[in-house]
Structure formats: C-alpha cells, structure tokens
Amino acid sequence: MTGRILGLDVGDVRIGVAVSDETQFIASPHSVYTRVGWGPDVKHIQKLYEETHAVLIVSGLPRNMDGSIGFQAEKVMAFMEKVKEAGLPVVFQDERLSTVSAHQALIEGGMRREARKGTVDKVAAAVILQAYLDSRR
C-alpha cells in the first residue's frame, strides 16, 4: 500500500493530527483540532482524510501500562468506531508514553511551556504514526 497515512492522538478536548509522506516512511505533525462533538469531529476527520489524500488512519490507543484496555482506550475506540462507520479505514497503534515522548522532544528543542501546550498533541500524533510506520518495516 502506498499513499499518505493520517495519524491521530485522540483526547477528550483535542485531537492531534500527523500525516506521513507518500512513501510512508516519515511522519510529520500536521495540526491540532479542538473537539466539538462526535458528529462535527468525525466530519473534520473525513475532511482531513480527503484533503491529505490519505489511504489509512492510524489512531493511538492509550492502553494502561500493563497493556490492558482502560476507560480512556474505550472512549477512543468508541469514537474511532464512528469514524469507521463513516467509511474510513482505521487501525490502532499502542500509544503508551507517546505524549511523554512528545513533551520531552519539545523541551529538548527549547520550546517554552506556553507554546508546548498547543503543539504537543500533533507531535504525539507524529510519534504514534512514526511507531506504526516503523513497525511495518
């Protein structure tokens, strides 16, 4: 399969978005979407999918540290089920510690705390998507 892949870090308030290159080698942060409600949120994901000419959506799955599915993972799976019902292909990628990794990368890059808040979600999405891309090699 070739074509761009959309990566999502789905949270209660925001959805971080990343996109791969056409060769599916590199994930890059794309945007942060502030959630409104399931209907508008799904429509926004559909629009991004079409605009980026994506062929797949990879959603982070926030498992507990022991690997089990917890409350937050159930919420993400329920939302992504709505995305699937809209006709979009979805797979999950374990996202344990992706936000921690994103914060650390931004801190090491010298980004101030105020600026990190608006950036960390899309960087976490890129971490998730890159882990998926790397796992397929």
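Quick note: numbers below take in every heavy atom, side chains included, and nothing from hydrogens, waters or symmetry partners. For this chain, numbers begin at 1 and follow the sequence in order.
Using a 4.5 Å heavy-atom threshold, the side chains of Thr2 and Thr23 count as separate. Counting heavy atoms from C-beta outward, Ser59 and Met77 have side chains that stay 4.5 Å or more apart. You'll find the side chain of Pro40 reaches within 4.5 Å of the side chain of Tyr33, heavy atoms only. Side chains of Val10 and Val76 form a contact here, defined as non-hydrogen atoms less than 4.5 Å apart. Annotation: side chain of Lys75 is not in contact with side chain of Phe79 (no heavy-atom distance under 4.5 Å). Within the 4.5 Å cutoff, the side chain of Val83 has heavy atoms near those of the Ile57 side chain. Here the side chains of Val17 and Leu8 are in contact, with some heavy-atom distance below 4.5 Å.
By the 4.0 Å N-to-carboxylate-O rule, Lys47 lies too far from Glu50 to be salt-bridged with it. A salt bridge does not link Arg35 with Asp12: none of the charged nitrogens is closer than 4.0 Å to a carboxylate oxygen.
One N or O on the side chain of Asp41 and one on the backbone of Val36 form a donor-acceptor pair closer than 3.5 Å. Of the possible donor and acceptor atoms, none in the side chain of Gln130 sits under 3.5 Å from a partner among the backbone N and O of Ser20. Put simply, the side chain of Asp21 gets close to the backbone of Ile26: a donor and an acceptor are under 3.5 Å apart.
From Ile5, atom CD1 reaches atom CG of Leu133 across 5.5 Å, with rounding to the nearest 0.5 Å. Note: His30 NE2 to Lys122 NZ = 9.0 Å, rounded to the nearest 0.5 Å. For the atom pair NE2 (His44) and CD (Gln46), the distance works out to 11.5 Å, reported to the nearest 0.5 Å. Note that the CG atom of Asp134 and the CD atom of Gln93 stand 9.0 Å from one another [nearest 0.5 Å]. One distance of note links CG of Leu61 with CG of Asp9; it measures 11.5 Å at 0.5 Å rounding. Atoms CG and CD, from Leu6 and Glu51 in turn, are 10.0 Å apart once rounded to the nearest 0.5 Å.
Tracing side-chain contacts under 4.5 Å through hydrophobic residues (I, L, V, M, F, W, Y), one never reaches Phe25 starting from Val127; they form parts of separate clusters. Residue Ile69 is grouped with residue Val90 when hydrophobic side chains (ILVMFWY) are merged at heavy-atom distances under 4.5 angstrom, including chains of intermediate members.
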Q | Verdict with supporting geometry, Asp94 and Tyr132, side-chain contact (heavy atoms from CB on, under 4.5 Å) | A | CA-CA 9 Å; Asp94 186 348; Tyr132 175 80; over 6 Å; no
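Each of Arg4, Gln24, Glu22 was evaluated against Val55; a single residue qualifies, Gln24, per the side-chain contact (heavy atoms from CB on, under 4.5 Å) test.
The nearest pair of heavy atoms linking Ser28 to Ala126 is C-CB, 4.1 Å. Heavy atoms only, all atoms of each residue included: Pro62 and Ala73 are closest at O-CB, 3.6 Å. In terms of heavy atoms, Gly7 sits closest to Leu129 at N-CD2, 3.8 Å.
Annotation: cation-pi geometry not satisfied between Arg63 and Phe92 (NZ/CZ under 6.0 angstrom from ring centroid, within 45° of ring axis).
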